[in-house]
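See below for the structure under consideration.
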Amino acid sequence: MVALTFLLSENGRVHQNVVDYKVENNSMRWSQYFVPTLREDPADAEVVSHKLLLRAGIIRQLAAGIYSYLPLGQRVTLKIMQMLREEMNRIGGQEFSLPALHPAEVWKESGRWDAIGDDMFRLKDRKGADMCLGMTHEEIFTTIARNEIRSYKQLPQIWYQIQIKFRDEARPKSGLMRLRTFIMKDAYSFDIDEAGLDRSFEDQREAYQRIFTRAGIKYTIVEASSGAMGGSASNEFVARTDAGEDLIATCENCGYAANLEKATSRLARITDFVGPKAPEEFPTPGVRTIEDLTTFPGGATAENQIKSLVYVATINNELTAALVLMRGDHQLHETKLADAFGATAIRPAHSEEIRELLGASAGSLGGVGAKESARAANRELVIVADEGLRGRRNMTTGANRDDHHLRGVDLARDMRVDRWADLRTVASGEACPRCETGVLEVYKAMEIGHIFKLGTKYSQSMGATVLTPDGKEVPIVMGSYGIGVERIMTAAIEQNHDQDGIIWPNTLSPFDVVVTITNMKQDSLREAGEELYKDLQRAGLEVLLDDRDERAGVKFKDADLIGIPYRITVGKKIADGLVELFKRRAKTSEDVKLSDIVSRIQKLALAGL
RNA sequence: CGGGACGUGGCGCAGCCUGGUAGCGCGCACGCUUGGGGUGCGUGAGGUCCCGAGUUCGAAUCUCGGCGUCCCGACCA
């Protein structure tokens, strides 16, 4: 029998407490509860959250990027999942459970069977048919939609599930940050038109904000590259932490925030002096870098140079050579370059390729005459220039002749730029592109959620259509919305810990409160602790009773490590009818009357739910 | 997939260079002690030294091959 208790929190929201105290009565005693804490940092863990997850007995590793969740970990996982459920249901989401094992067919229909490389776990069944382990579920939900949804009257639909996903990551890392098998809440919206998608997208966006706020995570919503996922727009939710893998640029002044792969900044205007009527070639023996040329007599400062990089892009399975032009002091952002071309892959050209195209080595390359040089070698070369070079003249750049450069180069006059694009990597301290006075800060963050407007990419390729009121058949307009469960756990720890261990936000903590009996050998303490434990449970709280025959110091250390927000210490003061209330985050301790402690904890534990 | 490091009782490490009976701390079991921030003392259990092949009278140690894990980069729908 599992009873559900519904508790009303201070802000009036119903919190569904799925843990039945009657059932768990005897499994929440630390002496028998499985919490293998570690005194020392495990050798394999580098980032804080990983160390603490292991030390606090929350997870154990099975293989690279594959972890078992121990009882404490499972409790946290269930709390996160429940929270996701509540917020998805609030916006009208309907929960499904889809298979993790998929036939190749549906992935071939959408085109992703071939588009996705080694990141997908693939296998064959006994008949030799191709199968895969689901890394996401657009195809499966679309399959259901196309078979069952016929009319605009059935739309919109918001479908979601909380499922295990598999991705054969090239480099799993940092504990639960990059996993090969992980739990994900993935939701999909189905609308009749773009306007409907906009509403669904906004609903999700608001749900995500509530979710991360409830989870105690400080997050930022950023513009991000939607990559091969396709679609018209995407918002990435990121949590700031040095362990993160993404770089984010934000402006505190106006709230501008973007992933570095999208971020731009405002450049100070440069007015060039009028240069010569045509570029002038001059010898530059030994000069190989922008830096070299700044100190070379007759050279130029970095911002007056044009950096020339040769890249090979894979576009629609065809290789295209590109000459990329940047201002000398600017850094190319490769994702931006790939996005500008719609390329599936890009790489710097090899030195032989460069010589074949331009007749010179890296260090002496330039855009003047570059296309002609490539054509002479029977090759096509696309010239793409960064916006930071627009309108510049009297610049210095390589001459496509070893140990020679050109000065007095005018971009518009001397080069045949095929395409202008924003390719520059933004740096901290640059001016905000949106507001007048803001300055950008660039910092590390981890992705915790991502919402996409897919449009009709999947409905079209897989034939998921409905009839409109006037009887026209149109593809369903879709959105896709994901949140990594483990990433919420990881981000929460990254942002909520101290030297002693984890400090769980109330909403995620595996227990509301831990009751620490300082000395199990004293009957009065033991009995009082047991009594309090039961009282707290009767009040609907999730209580961990530390009834181990350990010294008080050991218990305090462990309680700090596993991060339960409140600890009630049952010690000598019990003779005066007092216990101690220790708040993990504030690290403050106060005496509370035994008769008041239950209601006190109840109020505290519910805050923030 | 490129580069680097590591693999020795449950955990953290030493030993390897210079081949010769496998060691320390923590944890664990037992006893005494202590009892409010990882008590102290004693006794004890526990190891295919990642796997395989080779060199050698003899390999944790040297050589070759493989596997695994971590870190940097590439990648990351």
Side-chain angles (χ1 to χ4, degrees), chain A residues 36-47 50-51 54-55 57 60-67 107 110-120 132 134-139 165-175 177-180 182 184 186 188 224-231 234 236 243-246 259 261 334-335 338 344-348 446-447 450-452 454 457-458 480-482 484 487 499-501 516-522 525-526 546 548-561 567 569-574 579-580 582 587 589 591:
Chain A
T37 57
L38 302 172
R39 208 182 267 238
E40 293 171 285
D41 281 339
D44 277 346
E46 188 89 358
V47 304
H50 190 195
K51 288 180 186 172
L54 288 164
R55 284 193 56 209
R60 284 296 181 263
Q61 183 176 37
L62 183 61
I66 305 177
Y67 288 83
W107 287 83
S110 72
R112 289 161 110 193
W113 180 263
D114 295 317
I116 297 172
D118 292 336
D119 281 359
M120 183 149 69
C132 67
M135 47 196 300
T136 173
H137 283 74
E138 279 81 4
E139 280 80 356
K165 312 275 188 195
F166 299 88
R167 290 185 193 173
D168 195 0
E169 283 283 349
R171 180 144 104 88
K173 59 177 284 198
S174 306
M177 204 167 285
R178 257 170 99 174
L179 294 164
R180 294 199 289 170
F182 57 96
M184 189 165 167
D186 50 323
Y188 305 84
S225 164
S226 42
M229 191 81 172
S234 86
E236 198 178 353
E245 306 175 291
D246 289 358
N259 193 302
E261 62 199 22
E334 293 194 347
T335 306
T344 48
I346 58 164
R347 61 165 175 83
M446 63 182 286
E447 179 180 0
H450 208 151
I451 57 181
F452 294 91
L454 295 176
K457 175 177 164 133
Y458 296 90
S480 160
Y481 318 92
R487 286 193 166 197
Q499 284 199 318
D500 297 320
T516 302
I517 299 171
T518 56
N519 186 344
M520 287 302 287
K521 291 214 163 63
Q522 285 180 34
L525 299 186
R526 206 184 60 240
D546 195 347
R548 294 175 299 169
D549 185 16
E550 290 286 353
R551 294 172 62 89
V554 173
K555 297 186 177 195
F556 294 156
K557 288 285 185 195
D558 271 345
D560 287 351
L561 179 60
R567 184 185 82 214
T569 308
V570 178
K572 342 182 189 6
K573 292 171 194 157
I574 201 75
V579 291
E580 266 170 45
F582 176 78
K587 284 187 157 178
S589 205
D591 291 338

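Just the heavy atoms: all of them, side chains too, but no hydrogens, waters or symmetry mates, feed the values below. To find a chain, count down the sequence lines: A is the first, B the second, and so on, and within it residues start at 1.
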Legend entry - Spacing of A:D168 atom CG relative to B:rA74 atom C1', expressed in whole Å: 16 Å
Legend entry - Lys/Arg-Asp/Glu bridge criterion (N-O < 4.0 Å) met for A:E138, A:K457: no
Inset, instruction - Identify whether NZ of Lys or CZ of Arg in A:R567 sits under 6.0 Å from the centre of the six-membered ring of A:F556 and within 45° of that ring's axis. - result: yes
Legend entry - B:rG10 to B:rG46 separation - C1' atoms, rounded to the nearest Å: 9 Å
Legend entry - N or O in side chain of A:R171 less than 4.0 angstrom from B:rC72 OP1/OP2: yes
Inset, instruction - Between B:rG68 and B:rC32, how far apart are the C1' atoms? Round to whole Å, please. - result: 45 Å
Inset, instruction - Look at the side chain of A:E40 and decide which nucleotide, out of B:rC11, B:rC70, B:rA74, has an atom nearest to it. - result: B:rC11
Legend entry - Main-chain N/O of A:V570 paired with A:T518 side-chain donor or acceptor, under 3.5 Å: yes
Legend entry - A:D41 CG to B:rG27 P, straight-line distance once rounded to whole Å: 16 Å
Legend entry - Most 5' of A:K173 and A:D549 on RNA chain B, judged by nearest nucleotide: A:D549
Inset, instruction - Using the C1' atom as the reference point in each nucleotide, state the distance between B:rU69 and B:rC57 in Å, no decimals. - result: 37 Å
Legend entry - Any donor-acceptor N or O pair under 3.5 Å, side chains A:K165, A:H137: yes
Legend entry - Sub-4.5 Å side-chain heavy-atom contact between A:D118 and A:D168: no
Legend entry - Nucleotide of B:rA74, B:rC70, B:rG25 approaching A:A170 most closely (side-chain heavy atoms): B:rA74
Inset, instruction - Looking at every strand, decide which applies to A:R167 at a 4.0 Å heavy-atom threshold: base, sugar-phosphate, or nothing. - result: sugar-phosphate
Inset, instruction - Sticking with atom P, work out how far B:rA60 lies from B:rU48, rounded to a whole angstrom. - result: 13 Å
Inset, instruction - Given side chain to side chain contact (heavy atoms under 4.5 Å, CB included), test A:V579 with A:I574 step by step and report yes or no. - result: CA-CA 6 Å; A:V579 291; A:I574 201 75; 3.8 Å; yes
Inset, instruction - Write down the distance separating the C1' atoms in B:rU63 and B:rA45, rounded off to the nearest Å. - result: 37 Å
Inset, instruction - Without swapping roles, check the side chain of A:R167 against the backbone of A:M135 for a donor-acceptor pair under 3.5 Å. - result: yes
Inset, instruction - Summarise how protein sits on nucleotides 36-43 of chain B as a single string, 5' to 3': B when a protein heavy atom is under 4.0 Å from the base, S for sugar-phosphate-only contact, - for no contact. - result: BBBB----
Legend entry - Integer-rounded Å distance: B:rC1 C1' and A:R347 CZ: 14 Å
Legend entry - Side-chain-base donor-acceptor pair under 3.5 Å for A:E550 and B:rG35: no
Inset, instruction - By nearest nucleotide on RNA chain B, pick out whichever of A:K521 and A:Q61 is the more 5' one. - result: A:K521
Inset, instruction - Could you state the atom-to-atom distance from CD1 of A:I517 to P of B:rG35 in whole Å? - result: 19 Å
Legend entry - Salt-bridge criterion met for A:D558 and A:R548 (N-O under 4.0 Å): yes
Inset, instruction - Scan every strand shown for a Watson-Crick or G-U wobble partner of B:rC1, both distances under 3.5 Å, and answer none if you come up empty. - result: B:rG73
Inset, instruction - With P as the reference atom in both, quote the distance from B:rC28 to B:rC70 in angstrom, rounded to an integer. - result: 27 Å
Legend entry - B:rC6: pairing nucleotide in any strand, Watson-Crick or G-U under 3.5 angstrom: B:rG68
Inset, instruction - Determine the interatomic distance between C1' on B:rG36 and the same-named atom on B:rG31; round to the nearest Å. - result: 25 Å
Legend entry - Atom-to-atom span, CD of A:E169 to C1' of B:rG73 - whole angstrom: 15 Å
Inset, instruction - Quick one: label A:A115 by what it contacts on the DNA or RNA (base, sugar-phosphate, nothing), any heavy atom closer than 4.0 Å. - result: base
Inset, instruction - To the nearest Å, give me how far apart CG (A:D118) and C1' (B:rA74) are. - result: 13 Å
Inset, instruction - Take atom C1' in B:rC16 and the same atom in B:rU8, then report the distance between them in whole Å. - result: 11 Å
Inset, instruction - Starting from P on B:rC76, measure out to CE on A:M446 and report it in whole angstrom. - result: 18 Å
Legend entry - Donor-acceptor under 3.5 Å (A:R487 side chain, A:E447 main chain): yes
